[in-house]
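A short write-up of the structure that comes next.
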Amino acid sequence: MIPFLDLHKINDRFRTQFETIFKESLDTSYYILGAKVSQFEDEFAAYCGSQHCIGVGNGLDALRLILEGYKLLGRLKEGDEVLVASNTFVATILAIKQAGMVPILVETEESTYNFNLTELNDHISERTKAVMPVHLYGQLAPMDEVQDLARRYGLLVIEDAAQAHGAKHHNGKRAGNIGDAAGFSFYPAKNLGALGDGGAVTTSDDQLAAAIAQLRNYGSSSKYVNDVVGINSRLDEIQAAFLSCKLNLLDEDNSERRRIAARYNSEIKNNKIQLPEYDGSENHVFHLFVVRVEDRQAFRAYLQTNGVGSLIHYPIAPHQQKAFKEFGSLQFPVAEKIHNQVVSIPISPVMTNDQVDQVVLVLNNY
């Protein structure tokens with residue numbers, strides 16, 4: 001069986017370093033907001049090209065803390081509208097709602113799974129204060145157009161970069177340094193994944209960075225001194241050290257993902273299977289390789305029978321989730337179609353050529 005994602009094999013490459021890190025952590029007994037977190041924050045900020053990185057508990061908190069930070073600075077307030085893609089993972093929408101703001105869902109472009117730019121422009125109102133492009137599956141959103149629109153209407157641009165570690169815009173900037181701020185997730189399955197939960201905010205806004213650093217730690221500026229109402233959302237020392245270790249291989253891993261994706265796109269030839277668009281550039285890091293089929297249930301059963309793992313990202317569109325009853329009357333035909341058809345097939349930097357060959361063969365024989 002070719003697993004959808006072999007996390008053991010991915011992390012086993014770092015076993016010796018991880019064991020050393022764990023021993024050092026036990027010996028120093030320093031676990032929260034210490035030197036390892038600061039080191040990773042400096043390294044990841046430099047990698048993204050931003051001035052600041054603030055390690056937090058997870059990707060959801062990263063996005064929420066950006067919004068809370070802008071509220072603290074008086075640049076956003078509760079009730080403001082934030083434009084967001086209708087086919088994103090629910091965390092993007094939860095962050096907006098938890099910050100007391102209003103998510104405005106925008107229909108999807110079928111070929112790229114990112115914003116339909118006409119729809120994006122049509123959803124701007126006097127209450128619109130920010131846009132949150134999602135680099136879904138590891139592919140950059142149409143950031144040139146998003147930035148132009150933001151400048152025209154005075155909007156903040158907050159990247160949901162949870163799946164796009166290392167993705168590079170044609171101007172050379174990486175995800176995390178294209179908008180005003182960005183939220184990352186280091187969930188174990190990400191291209192840069194911890195061995196537990198973790199997240200970060202990147203930004204070059206000094207004031208925002210200071211606000212988020214305060215908010216993530218109970219609103220504290222120094223120990224037991226609480227200036228604002230914050231939350232507890234801190235990247236811990238051992239996960240930060242693991243991430244520093246893995247960051248050294250991120251570009252190499254992303255290149256391998258792109259190589260496999262290019263093979264899939266050139267070698268899978270089956271008119272029952274729709275492959276993702278890819279222009280061959282570094283704007284995609286293929287966190288996921290997502291195909292579309294008419295009969296998803298039959299396709300996944302076929303894959304399982306033929307020894308190929310798969311997952312669905314994501315089976316239910318956000319506006320159809322029970323948690324978001326306020327969206328229940330909305331219709332997004334393209335997003336709904338995508339959610340009904342998508343299937344993610346194996347892609348990772350530790351797949352062998354034989355495994356890729358087998359996936360291609362199985363899909364071509366469907």
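Position 1 is the first residue of the sequence, and the numbers go up from there. Below, all heavy atoms of this structure are taken into account, side chains as well, without hydrogens, waters or symmetry copies.
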Hey, does the side chain of E107 reach the backbone of V334 with a donor-acceptor pair shorter than 3.5 angstrom?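 Between the backbone of V334 and the side chain of E107 there is a qualifying donor-acceptor contact (under 3.5 Å).
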May I ask you to decide if L195's main-chain N or O and Q239's side chain share a donor-acceptor pair within less than 3.5 Å? yes
Would you say the side-chain atoms of H169 and E282 include a donor-acceptor pair closer than 3.5 Å?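 E282 and H169 do not have a side-chain donor-acceptor pair below 3.5 Å.
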Going by the angle between their ring planes, with limits at 30° and 60°, are Y302 and F299 parallel, tilted or perpendicular? parallel
Under the criterion salt bridge (Lys or Arg N to Asp or Glu O under 4.0 Å), I'd like the reasoning laid out for E78 against K129: C-alpha separation, chi angles, the key distance, then a yes or no. CA-CA 11 Å; E78 292 192 7; K129 303 301 178 184; over 6 Å; no
Is the centre of the F332 ring less than 6.0 Å from the centre of the H319 ring?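 Yes, they do, as the ring centres are separated by less than 6.0 Å.
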Would you indicate whether [X], at its atom [atom1], is surrounded by more than 12 heavy atoms from other residues, nucleotides or ligands within a distance under 6.0 Å?
X: E326; atom1: CD; value: yes
X: Y31; atom1: OH; value: yes
X: K36; atom1: NZ; value: no

Any chance you could lay out the ring pair (Phe, Tyr, Trp, His ring centres under 6.0 Å) test for F184 and F44, step after step, and finish with the verdict? CA-CA 11 Å; F184 286 89; F44 195 62; 4.9 Å; yes
Where I54 and I212 come nearest, the two heavy atoms and their spacing: CG2-CG2, 4.0 Å
Atom of S244, atom of E43 and distance for their closest heavy-atom approach: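 Shortest heavy-atom contact: OG-OE1, 2.7 Å.
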Which of D80, D205, D180 passes salt bridge (charged side-chain N to carboxylate O under 4.0 Å, His left out) with R75? It is D205
Lys/Arg cation over aromatic F286: R258, 6.0 Å, 45° cone: no
List for me each residue that meets ring-ring contact (aromatic ring centres under 6.0 Å, His included) alongside Y314, sequence neighbours excluded, and say none if there are none. F89
For Y70, all residues meeting ring-ring contact (aromatic ring centres under 6.0 Å, His included), sequence neighbours excluded: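 Partners of Y70 under the ring-ring contact (aromatic ring centres under 6.0 Å, His included) test: none.
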Residues in side chain to side chain contact (heavy atoms under 4.5 Å, CB included) with N353, at least two apart? R259, R263
